[in-house]
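One structure is given below, encoded as structure tokens.
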Amino acid sequence: MKTLFFSILALNLFLYKTAVDAQAVQAPVITGEKVKDTDGNFINAHGAGVLYHNKTYYLFGEIKKGKTWLVPGQSWEDYRVPAGGISCYSSKDFKQWKYEGVALAAVKGQPSHDLDTSKVIERPKVIYNSATKKFVMWMHIDANDYSYSQAGVAVSNNPAGPYTYLKSVRPNGQMSRDMTVFKNDDGKAYLIYSSEDNNTMHVCLLSEDYLAPTTKYERILVGRRREAPGMFKNEGKYYLITSGCTGWSPNAATYAVANSPLGPWKEQGNPCVGPDANTTFQSQSTFVLPLEGKKNAFLFMADRWNKQNLEDSRYSWLPMQVVNGKVFIPWKNNKS
Ligand code: GLA
């Protein structure tokens with residue numbers, strides 16, 4: 001009887017594992033390259049985020065098109081292209097990407113509009129609100145000297161859009177530049193952004209409809225000057241990968257760990273391992289995607305910016321794992 005019980009248990013475990021493996025996505029390894037869509041065009045989705053909905057991945061990113069120019073009178077390398085709006089691509093397998101069109105269009109000739117081509121529209125991130133059945137996009141909205149420092153929000157009934165732009169805000173009166181959103185498994189969502197002139201990050205709980213910041217927020221990584229945040233959860237712990245603040249030039253990533261999205265957060269070291277680990281493999285973080293159907297398997301998504309020709313910027317997508325509470329992003333050369 002006991003033997004039969006254990007045989008059935010073993011068979012169930014085997015079937016479960018086979019089912020999980022069959023669903024599992026084998027994300028491609030992209031090492032500072034361009035990626036083509038199914039029309040053969042290069043994917044134009046920088047500072048990207050991914051939404052997984054109804055067995056489909058939706059990739060959103062900044063459209064970078066046109067001649068790169070340097071904003072005059074800045075003390076740093078403020079290279080820009082006209083704000084191009086937000087693109088969307090969809091995929092079932094993370095390999096074949098179908099262009100879904102412009103999810104949020106920029107506007108022309110309205111300099112006071114948040115989405116005017118003279119502005120900054122960066123780092124779009126989309127989450128789904130199952131109560132309102134709306135897709136909510138948050139993004140960084142700025143003036144081209146980065147003095148505006150606001151978080152913009154747009155909404156749609158369809159994952160790929162088009163999205164209706166609502167407004168931009170300074171959450172609780174605080175500056176908001178590089179940002180991400182994180183939807184927890186209890187349905188609560190958080191906006192995470194570089195604040196206080198990039199000196200300190202904030203994590204702010206969003207309202208139940210995800211359309212506004214609440215007054216509940218925490219200052220984290222105080223005085224550490226971090227940006228480009230990507231948050232994820234693994235085995236009950238929360239992780240936040242960030243870059244330092246060196247404009248479009250790459251620097252070393254670090255990660256932080258917490259027991260709750262609001263912290264307290266404890267900064268750890270650099271998760272990258274291998275050549276160019278001290279420049280995040282010449283890239284800057286933008287998003288961490290949990291791989292569906294796999295346990296403890298993530299895709300670290302980053303931008304390899306070409307600051308003097310931003311349209312020519314590339315992507316680094318690398319597998320990432322947590323081992324005994326430590327995050328590892330090993331370099332992988334997909335040419336070998
Ligand atoms: C950093 C940010 C980017 C962008 C550039 C502008 O790299 O992470 O999103 O704002 O600065 O220089």
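In this text the structure is predicted, and so the values were computed from the model without any measurement. Both ligands and their constituent atoms are indexed starting at 1 by order of listing.
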Report task. Ignoring hydrogens, just give me the one of Glu227, Arg177, Glu62 whose non-hydrogen atom is nearest atom 1 (C) of ligand 1. Result -> Glu227

Query raised in the report: Out of Cys245, Gly247, Pro229, who gets a non-hydrogen atom closest to atom 11 (O) of ligand 1?
Result: Gly247

Report task. Establish, yes or no, whether the cationic atom of Lys34 lies under 6.0 Å from the six-membered ring centre of Phe42 and within 45° of the ring axis. Result -> yes

Query raised in the report: With only distance considered, is Asp178 within less than 3.5 Å of ligand 1 through an N or O on each side?
Result: yes

Query raised in the report: For ligand 1, is Tyr79 a contact, meaning one of its heavy atoms is under 4.0 Å away?
Result: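 Tyr79: no contact with ligand 1 (<4.0 Å).
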
Report task. Of the side chain and backbone of Tyr146, name the one, both, or neither that has a heavy atom under 4.0 Å from an atom of ligand 1. Result -> side chain

Report task. Please work out whether any backbone atom (N, CA, C, O) or any side-chain heavy atom from C-beta onward of His140 is under 4.0 Å from ligand 1, and answer side chain, backbone, both or neither. Result -> neither

Report task. Any pair with a residue in residues 102-116 that passes salt bridge (Lys or Arg N to Asp or Glu O under 4.0 Å), sequence neighbours left out, goes on the list, sorted by first then second residue, please. Result ->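 For residues 102-116: none.
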
Query raised in the report: Going by the salt bridge (Lys or Arg N to Asp or Glu O under 4.0 Å) test, which pairs reach into residues 193-213, not counting sequence neighbours?
Result: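 Matches after skipping sequence neighbours: Arg177-Asp197, Glu196-Arg219.
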
Query - Identified side-chain contact (heavy atoms from CB on, under 4.5 Å) counterpart of Tyr165 within the set Val155, Leu104, Ile121 - result: Leu104

Requested in this report: Looking only at protein heavy atoms, identify the closest one to atom 10 (O) of ligand 1 and say how far it is in Å.
Outcome: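 Nearest neighbour among protein heavy atoms for atom 10 (O) of ligand 1, to 0.1 Å: Glu122 OE1, 2.7 Å.
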
Query raised in the report: Have Asn251 and Thr246 got a donor and an acceptor in their side chains that come within less than 3.5 Å?
Result: yes

